Each structure stands twice: as structure tokens, then as C-alpha cells.
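Before any comments, here is the structure.
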Amino acid sequence: MSGYSGDLSKTQQLALNEFKSILTKDTLAEEENLLRFLRARSFDVDGAYRQYMATLKWRKDNGIDQLLDKPRPLDKEMKNIMSSGFHSYDKQGRPAYFEYTGRTDVQALIQLPLDQIIRRHVWNCEKQIARMKEISQEIGKNVETMVHIHDMTGASQVLRKALNLFKKLAKLDQEYYPERMGKIFIVNTTWIFPVLWKCAGVFLDSKTRSKCVVLKTGEIKKLLEYFDPESLPKEFGGSCNCEGGCLPPIPKHMRFLSEAPSLTEQYTIGPKETLEKSLECTNDGDSVAWCFTTSKDIKFGVTFKPKPHSGWSDKMNDIPAIWVLDVEPKSENDSPVTGYYTPPCPGICTLVWDNLDSKWSSRTIKFNILVEKEANDSEEENGSNGIKRLSTVTYV
């Protein structure tokens, strides 16, 4: 059973009845609202009750019910920072929010007052809930959730500066808006996305993560599986072209961002030669990301050598390396080859470019390698909240 009204198992119905029985006349709400908190707590009545009562207190203390009576905070400032907005709904009637996340001026964003950013976020949540009620009446079907579409075009490591802000907003949503998110579409993902997602994903609960749909550049048309063409802006693969634009314009200084990093290293690999770059991952959770271009076709793969519990000592050459990404041909292409690997334990990752099949021709590769390190204790004390950092690359 789904746990929604009209689709409850006997156990779920008993939990709902018990939940209702411990609420007073002043705190009792419609069934759909109570079920959201029960689903969020896997129908644990005590847990749902505590979260529900904490939400009622938070709403009263912060005047949330009157929030939409006032203008949305920071509208003037946000015009020069990012483009985002509400636009239509998906095939299930869920109101949609679109955001050009990758083209956000993060440096300007984090300079804004935190309390006003949070207030703006809550205003948006309340607006979406109001839209759910309007759409429910329009289509004759109860709508309880929303969808978000985040365009990552132009995303870079700079977005990491907003991770603390993201953590606070994600925590607020999970505490006070449980079971409101229907789907999160992350589209036009760039090469750095796996690094960003690994950092940001830890702040989302497992249910929310399971609702995320990641679409690479070139896959955006898959949104039409969830949206009717006329409900989706043209730039997101639909046919809608609202007068004045479906969304606010992207700030001028953020419209043309390089998606690929600067390729800081270059090497020419002769015929019948290979190039190996080995990097040590010293902690659990360390990761390696790469981006490269090649002047001609070349083979590329990755090996991993686990570190013994007793340390390397003189054993480094005695331990066999395991191919974790088999050598495969990579073609000459204007678009960089990108990838990401997180080893299961500390050890040495080796990136291998193989030109052994070439009898006469050399290959020139340009590349950038990032090593993502776990934050150490001193960094956590300085307010990093365990967010990982990118380290300077040192080859073994």
C-alpha cells in the first residue's frame, strides 16, 4: 500500500487512527496532512507526532501561515544572481519549479543575509503548496507533491561554496515539509557533477535521493516522459514559449560559463608507450575525478591497489593492481572525456593512457585530475561541517 489516503493497509490505518486520537481539536488536521508525517516516519506514530508538533510550533513562531501575504524576500537581489521560477505542472499535476543552478552567481548568493535566503526558500515552499491546491481544483485530483528541475549547465567547483547553505535548506525541508517532494530532475549534468552530488547527496535522506532523476547533456528530452510538451519550456525540451519567457532571464554575467575545467597538464605519449598517473587515496571516502582530451584515438583505464592494514612499507610492488575501469578506446573529440572513481578503501588509483597499439603515431593528451579528500577534524572545527575538499594533486 502507498500510504496515501484511500490506499492504506490495516496497519497503516490503525496508525492513522492512533495519530488522530492523540491530537487535540486545535492540532487535528486533514487526513492527507497527517499521512505525510506518518509516511515520513514509516508509520511510527510517536515519531510522526513529534515531527508534526514541532512543525506546528515552527509555523506559529515564524508566522508561516501569513508569509504569502508579504512580498517574497530578495527578489531584487536575486535577479542578478540566478534565474528560477514556477512554471506549469507535470503529467501528474505536480507544480514545477525550474532553476538554472549551474549558472548561479554563488559568490554573490552567499553574501546575502542567511535568514532572508531561508525566508525566501520557505516562501517558495508555501507558494508551491498553494499551487498544489489550485491545480487540484483545476484537474479534479488531489495533488500533494511538487517537482524541481535543476539545470546544471555551467556548473563548476564553485558550487561547493554553497554546500553549507544547501545543507540548511535540505534539513529545513525534511523537518517541516516532509513528503512534499515528488521528483527532482537534475539535467545537463557536467563533468564535475559526480563530485558535487557526492558532497550534496549526503544531506538528503534516502527517500529524497530515490526521487532524483539525473539526465546528462543530450538526455533532456527524457523530461517529456514526465511532462506534456506544452507544459515544458522550449529550453528544457518542450514546446512552451511564454510571452516574455517562461523563466526570468539568466543574469548576463552568468550566461556563458565554461563547463570544462582548464586542462592544466599536457603530455605526449609516443608509439607503443603508456602514460600512468598514480594518486594515493589516504582515507575512506577519498575520490578521484578526471577530465582529458586527446589528439588521436587512445585507450584509457583505471586501476586500484588497496593499501594493507599494516601500511605500505616495502610491499607496494608486491600487491597486484585491480582494473576498476577496463581499458577502452577513447576517440579524438572536442568534448572532454570525464569520469569519477571512489575506491572502497585507502589505496592507490592509477590512471592509464595506453598507446601500445600504435606503431608510428604519438598522442598528445591534455588533462586535469581532481582528488576529493575527506575533511579532517580541524576543518570540521572551522565550520566545514564535514564537507569534503579538493586537494592539490600529488602523484605517487
Side-chain angles (χ1 to χ4, degrees), residues 156-157 189-198 214 216-219 258-373 390-396:
S156 70
Q157 299 172 40
T189 53
T190 62
W191 84 287
I192 198 66
F193 173 73
V195 176
L196 297 172
W197 177 243
K198 189 167 183 232
V214 178
K216 298 177 182 177
T217 301
E219 296 181 327
S258 174
E259 297 178 11
S262 57
L263 302 177
T264 55
E265 299 187 63
Q266 178 173 316
Y267 195 92
T268 298
I269 307 170
K272 295 189 175 296
E273 291 183 355
T274 62
L275 171 66
E276 296 185 359
K277 291 291 183 180
S278 297
L279 308 101
E280 184 168 8
C281 295
T282 55
N283 305 300
D284 287 334
D286 286 0
S287 305
V288 177
W290 56 86
C291 177
F292 71 88
T293 60
T294 176
S295 60
K296 296 180 182 178
D297 293 0
I298 196 167
K299 292 181 178 179
F300 174 76
V302 180
T303 68
F304 176 67
K305 183 179 292 190
K307 181 179 180 179
H309 292 297
S310 58
W312 290 116
S313 186
D314 297 324
K315 305 174 184 177
M316 186 179 294
N317 294 327
D318 298 332
I319 299 173
I322 304 164
W323 285 98
V324 294
L325 179 63
D326 290 336
V327 169
E328 294 180 348
K330 301 296 179 183
S331 302
E332 174 187 358
N333 199 313
D334 291 336
S335 300
V337 177
T338 63
Y340 183 82
Y341 176 66
T342 303
C345 61
I348 293 175
C349 285
T350 301
L351 280 58
V352 181
W353 288 268
D354 181 345
N355 195 31
L356 293 174
D357 290 345
S358 175
K359 294 182 178 180
W360 314 108
S361 300
S362 298
R363 269 71 171 154
T364 297
I365 60 167
K366 297 178 181 179
F367 58 94
N368 191 335
I369 302 173
L370 303 177
V371 181
E372 187 184 24
K373 292 287 188 180
L390 297 179
S391 75
T392 303
V393 172
T394 303
Y395 299 116
V396 177

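Atoms considered below: every heavy atom in the structure, side chains included; atoms not considered: hydrogens, waters and symmetry mates. In this text, all values refer to a predicted model and were calculated from it rather than measured experimentally.
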For side chain to side chain contact (heavy atoms under 4.5 Å, CB included), just list the numbers for Phe300 and Ile365, CA-CA rounded to whole Å, side-chain angles, deciding distance to a tenth of an Å, and then say yes or no.
CA-CA 11 Å; Phe300 174 76; Ile365 60 167; over 6 Å; no
Side chains of Trp197 and Val214, heavy atoms from C-beta outward: is any pair under 4.5 Å?
no
Heavy-atom closest pair, residues Ser361 and Asn355:
O-ND2, 3.0 Å
Taking the side chain as everything from C-beta on, heavy atoms only, tell me whether Leu351 gets closer than 4.5 Å to Leu279.
yes
Please round to the nearest 0.5 Å and tell me the distance separating atom OG1 of Thr189 and atom CD of Glu219.
7.5 Å
To the nearest 0.5 Å, how far apart are OG1 in Thr293 and CD in Gln266?
8.5 Å
What pair of heavy atoms forms the shortest contact from Arg363 to Ile298, and how long is it?
CB-CD1, 4.0 Å
To the nearest 0.5 Å, how far apart are CG in Leu263 and CD1 in Ile369?
11.0 Å
So that I know where these two stand, are Phe367 and Trp353 an aromatic pair - ring centroids less than 6.0 Å apart?
yes
Where Ile322 and Pro306 come nearest, the two heavy atoms and their spacing:
CD1-CD, 4.4 Å
Which atom of Ser362 lies closest to which atom of Ser295, heavy atoms considered
O-OG, 4.5 Å
When rounded to the nearest 0.5 Å, the distance separating SG of Cys349 from CD of Glu280 is 10.0 Å
Is there a side-chain contact between Pro329 and Asp297, using heavy atoms and a 4.5 Å cut-off?
no
Just verifying a value: how many Å separate Tyr267 OH and Thr294 OG1, rounded to the nearest 0.5 Å?
14.0 Å
Distance from Glu328 atom CD to Asp354 atom CG, nearest 0.5 Å?
12.5 Å
Here the pair of heavy atoms bringing Ser358 nearest to Pro271 is O-CB, 3.5 Å
CA sep, side-chain torsions, deciding dist, call: Tyr341, Leu325, side chain to side chain contact (heavy atoms under 4.5 Å, CB included):
CA-CA 9 Å; Tyr341 176 66; Leu325 179 63; over 6 Å; no
Cys345 to Asp284 - nearest heavy-atom pair and separation:
CA-OD1, 3.5 Å
